[in-house]
Amino acid sequence: MKHHLAPFMPAPHPTLRQCGVTLIELMVGIAIGLIVVAVALGALMASRGISGSVSEATSLQQQASYAFRVIGQQIRQAGSLELSLNPSIAPTASDANAAMAPVAFDPPDPAGTRPPFSRASSTLVADTTPSFTVGYQNYTETITPPPPASTPVVSSLLRDCLGQNPAIGSGGSLASTPVITSKFQRNTNTNELVCVGAGGGSGQPIIGNVTDMQVRYVQQTPNTTNLQYLPASGVIANAASAAGTWTNVYAVEVCLELTGTEHAPTADATYINCSGATTSYGNRLRMVFRNVYQIRSQGQV
């Protein structure tokens, strides 16, 4: 009996199936990706806003610091006079030495052209508009330039708020500019703090972004310890009835309000402005800076 073997037949391969994602899975993935992108963009915009606000705040602080430094340099010199170290005044005591010899303030101008300095009228001048002018006596002094030159020259290191002294320029003289003056005021059209120097003119801006400037004067009644903060109008009104009232002003308070340019949502937040009033920020960064400068040489003289 013969056995007939069936011919060898390979086992059928499993059916190949196509792999992938369904439409629902694809939509879920896209939705998750969009959420991640939205969160990242929100964080980026928030970080940019914070960085911009911090940068703008730093810039405003630097501007205010520079403005107060320039103002302070001039106020601290206000009312100062030339000091003569050789007044040719003989000592009264027989055993006095040169160190004990008296000195003279406001010595006569050698050329005879410079008028005497009036501290009562030239130290501090202001008007009802927020602005003020400080002044001090202009004079020349002997200085020695650096090597190799060794011959002393007559010049002046005194400068106004713009770094100039018209008396030592071309054609300048102490007769034409006997007082170094610096006037500080706010330009309401450009929101700039402007300085007008001893040479006059329209002045030059010191800083920008100044949306308000207020000045008050600390006045002390003679022979008392009473101090009053008065606006310029109050001091001027007192001066009309009492000569020399400006010599009773011992300090100047300067307030500057600086406003940023970038949009900064502030909701309903408020701040106290230079006038002491509660004011809305108006979706802008606003910073108020105050400084009080004592006029060291002021007083009844």
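Numbering of residues begins at 1 and proceeds along the displayed sequence.
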Quick one: are V215 and F184 in side-chain contact, heavy atoms under 4.5 Å? no
Residue pairs fulfilling salt bridge (Lys or Arg N to Asp or Glu O under 4.0 Å) with at least one residue in residues 175-186, sequence neighbours excluded: none
Joining Ile, Leu, Val, Met, Phe, Trp and Tyr whenever any side-chain heavy atoms lie under 4.5 Å apart, the cluster holding I272 also takes in none
Members sharing L158's hydrophobic cluster (side chains within less than 4.5 Å): Y136, Y139, I180
Are L162 and V196 co-members of a hydrophobic cluster defined by side-chain heavy atoms under 4.5 Å apart? no
Can T261 and E56 be counted as having a side-chain donor-acceptor contact under 3.5 angstrom? yes
Main-chain N/O of Q73 paired with Q77 side-chain donor or acceptor, under 3.5 Å: yes
Describe, in one word, how the ring planes of F68 and F289 are oriented to each other, choosing from parallel (under 30°), tilted (30 to 60°) and perpendicular (over 60°). perpendicular
Does anything in residues 209-236 form a salt bridge (Lys or Arg N to Asp or Glu O under 4.0 Å)? List the pairs, not counting sequence neighbours. R216-E253
Determine whether a donor-acceptor pair (N or O, by modelled atom type, separation under 3.5 Å) exists between the side chain of E257 and the backbone of M213. no
Please lay out, stage by stage, how L60 and N209 fare under the test side chain to side chain contact (heavy atoms under 4.5 Å, CB included). CA-CA 8 Å; L60 295 181; N209 302 321; 3.9 Å; yes
Side chain to side chain contact (heavy atoms under 4.5 Å, CB included) evaluation trace for Y250 with L227: CA-CA 9 Å; Y250 284 82; L227 294 176; 5.7 Å; no
Is the backbone of A277 close enough, under 3.5 Å, to the side chain of N273 for a donor and an acceptor to pair up by distance? yes
By the rule that ILVMFWY residues connect when side-chain heavy atoms come within less than 4.5 angstrom, directly or transitively, which residues belong alongside Y281? Y271, V288
ILVMFWY cluster, L285 and I207 together (side-chain gap under 4.5 Å): yes
Quick check on the hydrophobic clustering: are V252 and V194 connected, directly or via other members, by side-chain heavy-atom contacts under 4.5 Å? no
How about S182 and D160: do any of their side-chain heavy atoms sit closer than 4.5 Å? yes
Check: R159 side chain, S156 main-chain N or O, donor-acceptor pair, under 3.5 Å: yes
I'd like to know if the side chain of Q74 reaches the main chain of V134, judged simply by a donor and an acceptor atom lying under 3.5 Å from each other, with no hydrogens or angles considered. no
Taking it one step at a time, do Y293 and V218 satisfy side chain to side chain contact (heavy atoms under 4.5 Å, CB included)? CA-CA 10 Å; Y293 303 93; V218 182; over 6 Å; no
Which pairs, with at least one residue in residues 211-234 and sequence neighbours excluded, count as a ring-ring contact (aromatic ring centres under 6.0 Å, His included)? Y217-W246
Looking only at the side chains, is there a donor atom on one of T259 and R284 sitting less than 3.5 Å from an acceptor on the other? no
Will you find, in the side chains of S121 and S118, an N or O donor that is under 3.5 Å from an N or O acceptor? yes
Got a donor-acceptor contact below 3.5 angstrom from the S280 side chain to the G282 backbone? yes
